[in-house]
> 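Just passing along the structure, written as structure tokens.
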Amino acid sequence: MATSPSRPRILITRAIFPEVAQRLSQHFEVESNTDDADWSADEVARRLQDKAGALTFGLERINAELLAKCPALKICANMTVGYNNFDLDAMSVCGVLGTNAPDVLTETTADFGFALLMATARRVTESEHFLRAGKWTRWNYEMFSGAEVHGSTLGIIGMGRIGQAIARRGALGFGMKVIYHNRSRLDAATETACRASYVSKPELLQSADHVMLVVPYSAASHHSIGAAELALMRPSATLINIARGGVVDDAALATALRDKRIAAAGLDVYEGEPKLHPDLLTVPNVVLTPHIASATAGTRRAMAMLAVDNLIGYLVHGKAVTPLNAAGLQGRI
Ligand code: 8YV
């Protein structure tokens, strides 16, 4: 296709489906990280300095320092629902729109929350390691005895779209009693649809058999599950984190798991990932996955295409689909 120098320039900071770059190249001059190299913050800033937009992956820190080096930048489109990599205040001050990718991953991520809950409660990976190590030589009545899932109490912290999708699975699919805690209580119709009851955080921690974390990361949610909260949980309880690393104090969790303060945990996200707190690797009663809750080809494609819709919508037609700080931008662009 013939290129025009007037077309806006776009940076794709990680490798992505070829059709995503192809679609973007119909409207923009595209620079892609096709090798999926680990660009440093300086490298991202250097490559972004002449770009109007970026397709980002929730990993790049878009803050005042970077923005000062990127005067042409108008939009950063995350292909993730989480956007704790954006300093939205700094972006607003610089007239840069941030967008995320909600909704398209809700059901897939809720499925994975349940996969992790089931694997943790029923000790799926722990027993597989035992089998693969050649240790399964005889049957025993209490071998890998786990926790009941059906009919148990599911406590959900963070009752946004994904939390609600998990509540529906628990109540309708597994006959669970669902309790939740959220910054604000849901309206009565939504509570009824999810068959979920609002409780305080301490009550949830004390009464849930399974605690599922689906809360966004923020200064307020940092280490919101630490030693004190783990001490409130039942010794038979499980903790599932599909939210963000840093919501749980991983060091305190590893200690609680080692001391059997709680029965088990299932984790998809970690403080400082892809590095893990080393103690998490030494306790057997934890299921560990590498941040894959939204990882199906269809969902990841839909997430990337929503980010593309945002870039085209904003830079070509003047309106993004899922803007985060549009109000804060008024008068600045
Ligand atoms: C992503 C996520 O897969 O959307 C989010 O916020 O956490 C996941 O869906 C993950 O961020 C990988 O980039």
Side-chain angles (χ1 to χ4, degrees), residues 3 5 7-101 105 216-217 244-246 268-276 289-295 297 299-312 314-315 320 322 324-325:
T3 59
R7 299 197 319 162
R9 294 176 203 272
I10 292 286
L11 180 68
I12 306 178
T13 65
R14 300 297 293 256
I16 194 61
F17 302 101
E19 59 268 34
V20 168
Q22 276 159 21
R23 219 184 123 206
L24 283 170
S25 65
Q26 289 167 11
H27 301 271
F28 308 115
E29 299 300 319
V30 179
E31 180 180 340
S32 298
N33 183 356
T34 36
D35 297 337
D36 211 21
D38 280 318
W39 287 342
S40 66
D42 283 347
E43 182 75 5
V44 172
R46 192 181 66 73
R47 290 177 187 268
L48 258 187
Q49 62 188 350
D50 61 343
K51 304 294 187 299
L55 172 49
T56 48
F57 296 79
L59 306 160
E60 316 73 2
R61 301 225 66 80
I62 309 298
N63 54 20
E65 194 185 337
L66 175 133
L67 292 165
K69 297 174 188 161
C70 306
L73 196 59
K74 292 190 169 62
I75 172 172
C76 291
N78 260 1
M79 73 163 262
T80 58
V81 66
Y83 53 90
N84 51 300
N85 60 316
F86 288 165
D87 180 339
L88 282 182
D89 290 340
M91 290 169 76
S92 294
V93 167
C94 295
V96 176
L97 183 72
T99 64
N100 68 339
L105 78 178
Y217 180 80
R244 270 291 180 274
D268 188 46
V269 288
Y270 310 87
E271 223 175 339
E273 63 185 48
K275 290 205 176 80
L276 268 69
T289 54
H291 204 151
I292 57 170
S294 65
T299 292
R300 286 275 164 87
R301 191 172 278 109
M303 293 161 72
M305 285 303 181
L306 180 49
V308 171
D309 290 343
N310 273 312
L311 288 164
I312 297 172
Y314 193 58
L315 291 175
T322 51
L324 293 166
N325 58 333

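Residue numbers start at 1 and run along the sequence shown. Worth saying up front: this structure is predicted, and the values here are computed from it rather than measured. All values below come from the heavy atoms of this structure, side chains included, with hydrogens, waters and symmetry mates left out.
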> Between Asn85, Thr99, Thr322, which is the residue that forms a side chain to side chain donor-acceptor pair (under 3.5 Å) with Asn78?
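Between Asn78 and the candidates, side chain to side chain donor-acceptor pair (under 3.5 Å) is satisfied uniquely by Asn85.
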> Answer yes or no: is there a donor N or O on one side and an acceptor on the other, between the side chain of Thr80 and the main chain of Gly82, under 3.5 Å?
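Side chain of Thr80 to backbone of Gly82, a donor-acceptor pair under 3.5 Å: yes, one is there.
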> Please give me the minimum heavy-atom distance between Val20 and Ala304, naming the atom from each residue.
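Smallest interatomic distance, heavy atoms only, reads CG2-CB, 3.7 Å.
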> For Leu66 and Glu60: C-alpha separation, side-chain torsions, deciding distance, then whether side chain to side chain contact (heavy atoms under 4.5 Å, CB included) applies.
CA-CA 10 Å; Leu66 175 133; Glu60 316 73 2; over 6 Å; no
> Quick one: side-chain hydrogen bond (donor to acceptor under 3.5 Å, both in side chains) partners of Asn84, sequence neighbours excluded?
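Testing Asn84 for side-chain hydrogen bond (donor to acceptor under 3.5 Å, both in side chains), a comparison that skips the adjacent residues, returns Arg244.
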> Which heavy atom of Gly245 sits nearest a heavy atom of Val269, and at what distance?
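Scanning both residues completely, I find the closest heavy atoms to be N-CB, 3.5 Å.
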> Ser92 side chain to Leu88 main-chain N or O, any donor-acceptor pair under 3.5 Å?
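At least one qualifying donor-acceptor pair exists.
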> In sequence, state the C-alpha distance, the side-chain angles, and the governing distance for Met79 and Leu55, and then conclude on side chain to side chain contact (heavy atoms under 4.5 Å, CB included).
CA-CA 7 Å; Met79 73 163 262; Leu55 172 49; 4.3 Å; yes
> Considering only NZ, NE, NH1 and NH2 on the basic side and carboxylate oxygens on the acidic side, decide whether Glu29 and Arg9 come within less than 4.0 Å.
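The answer is no: the pair does not qualify as a salt bridge.
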> What residues form a ring pair (Phe, Tyr, Trp, His ring centres under 6.0 Å) with Phe57, not counting sequence neighbours?
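With neighbours one apart ignored, the set is empty.
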> With sequence neighbours excluded, tell me which residues meet side-chain hydrogen bond (donor to acceptor under 3.5 Å, both in side chains) with Lys74.
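Checked Lys74 against side-chain hydrogen bond (donor to acceptor under 3.5 Å, both in side chains); zero matches.
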> Any heavy-atom pair between the side chains of Lys69 and Asp42 that's under 4.5 Å?
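A side-chain contact exists here, since the closest heavy-atom pair is under 4.5 Å.
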> Of all heavy-atom pairs between Phe86 and Gly98, which one has the smallest distance, and what is that distance?
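Taking Phe86 first and Gly98 second, the nearest heavy atoms are CE1-CA, 3.8 Å.
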> Got a sec, which residues hit side-chain hydrogen bond (donor to acceptor under 3.5 Å, both in side chains) with Glu273, two or more places apart in sequence or on another chain?
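For Glu273 the side-chain hydrogen bond (donor to acceptor under 3.5 Å, both in side chains) partners, ignoring immediate neighbours, are His291.
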> Restricting to side-chain hydrogen bond (donor to acceptor under 3.5 Å, both in side chains), what partner residues turn up for Asn100, sequence neighbours left out?
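Partners of Asn100 by the side-chain hydrogen bond (donor to acceptor under 3.5 Å, both in side chains) criterion come out as none, since no residue qualifies.
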> To the nearest 0.5 Å, what is the distance between OG1 (Thr299) and CG (Leu105)?
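That separation rounds to 7.0 Å.
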> Should the heavy atoms of other residues, nucleotides or ligands under 6.0 Å from CD of Glu19 be counted, would the total exceed 12?
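Yes, CD of Glu19 has more than 12 neighbouring heavy atoms, counting only those of other groups under 6.0 Å.
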> Side chain to side chain contact (heavy atoms under 4.5 Å, CB included) for Leu11 and Trp39? Distances and angles first, verdict last.
CA-CA 12 Å; Leu11 180 68; Trp39 287 342; 3.9 Å; yes
> Which distance, rounded to the nearest 0.5 Å, do you find between the OG of Ser32 and the CG of Leu24?
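The CG atom of Leu24 is 8.0 Å from OG of Ser32, to the nearest 0.5 Å.
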> I need the His27 NE2 to Ile312 CD1 distance, nearest 0.5 Å.
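Going from the NE2 atom of His27 to the CD1 atom of Ile312 covers 3.5 Å.
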> As a test of understanding, state which of Asp35, Thr56, Asp36 forms a side chain to side chain donor-acceptor pair (under 3.5 Å) with Arg14.
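Only one option passes, and that is Asp36.
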> Check whether any side-chain heavy atom of Gln26 sits under 4.5 Å from a side-chain heavy atom of Gln22, and report yes or no.
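Answer no - side chains too far apart.
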> Take Ile12 and Asn33 through the side chain to side chain contact (heavy atoms under 4.5 Å, CB included) test and state the conclusion after the steps.
CA-CA 6 Å; Ile12 306 178; Asn33 183 356; over 6 Å; no
> Ignoring hydrogens and angles, tell me if any N or O in the side chain of Arg61 forms a donor-acceptor pair with the backbone of Asp87 under 3.5 Å.
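It does not hold such a pair.
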> Roughly how far, to the nearest 0.5 Å, is the CG atom of Asp38 from the CD atom of Glu43?
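The CD atom of Glu43 sits 11.0 Å away from the CG atom of Asp38.
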> Can you list the residues that meet the salt bridge (Lys or Arg N to Asp or Glu O under 4.0 Å) rule with Asp309, with sequence neighbours excluded?
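Scan of Asp309 (salt bridge (Lys or Arg N to Asp or Glu O under 4.0 Å), adjacent residues dropped) gives Arg23.
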> On a heavy-atom basis, which atom in Ala72 and which in Asp50 lie closest, and how many Å separate them?
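So the two residues come closest at CB-C, 4.2 Å.
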> Of the non-hydrogen atoms in Ala54 and Leu311, which two are nearest, and what is the gap between them?
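For Ala54 and Leu311, the tightest heavy-atom pair comes out as O-CD2, 3.8 Å.
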> Can you give me the closest heavy-atom contact between Gln49 and Arg46, atom names plus distance?
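In this case the closest contact between Gln49 and Arg46 is CG-O, 3.1 Å.
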